[in-house]
A.B. asks: 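Structure in structure tokens, see below.
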Amino acid sequence: MLTETQVREFKKLLDDRFYELREEVRQELLRTDDQTYIELAGQVHDLGEASVADLLVDLQLAEIDKHIREIRDVDAALLRIAAGRYGICKDCKSIIVVERLRAYPTAKRCHRCQISHEHNYPGSGGPSM
Ligand SMILES: [Zn+2]
């Protein structure tokens, strides 16, 4: 099991990643020259994970879409932390090794289950952990 300190470290990592992603999304919106998007950029600034994803979910911008998916992954990981389920594989319920979490803080499966998931659903949305 992860220690409380480790969980706090991962939470910090995920929070930082979220702020980074939100800023990138904001910059991309500002770059579009589209008044609607530029107004959205102003709102994005103060929102939390789930709200940002919801606000932008209908935008058909490929670059932003990728970020939104990652924001959702970050959001889900933070929810698992809040629920005390962070670092537990969603398929087999075993503990995800800390090295894997360091490499993929949003990982929701252990390595073994991830491989069989990708085997069962080839090409289903790329590197979704
Ligand atoms: Zn597993």
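First listed ligand is number 1; within each ligand, the first listed atom is number 1. Computation of the quantities below employed the complete heavy-atom set of this structure, encompassing side-chain atoms and omitting hydrogens, waters and symmetry-equivalent molecules. Please read these numbers as outputs of a predicted model, since none were measured by experiment.
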A.B. asks: State which residues pass side-chain hydrogen bond (donor to acceptor under 3.5 Å, both in side chains) with Arg17; sequence neighbours excluded, sorted by chain then number.
C.D. replies: Glu20, Glu70

A.B. asks: How would you list, by chain and number, every residue that makes a side-chain hydrogen bond (donor to acceptor under 3.5 Å, both in side chains) with Glu28, sequence neighbours excluded?
C.D. replies: His67

A.B. asks: How many N, O or S atoms of the protein are nearer than 2.8 Å to the Zn ion (ligand 1)?
C.D. replies: 4

A.B. asks: Check whether any side-chain heavy atom of Arg31 lies under 4.5 Å from a side-chain heavy atom of Tyr37, and answer yes or no.
C.D. replies: no

A.B. asks: Kindly write out the residues that satisfy side-chain hydrogen bond (donor to acceptor under 3.5 Å, both in side chains) with Glu39, not counting sequence neighbours, or none if the list is empty.
C.D. replies: none

A.B. asks: Given side chains that start at C-beta, do those of Leu29 and Ile64 come closer than 4.5 Å, heavy atoms only?
C.D. replies: yes

A.B. asks: Minimum heavy-atom separation for Ile96 and Ala107, please, with both atom names.
C.D. replies: CD1-O, 3.9 Å

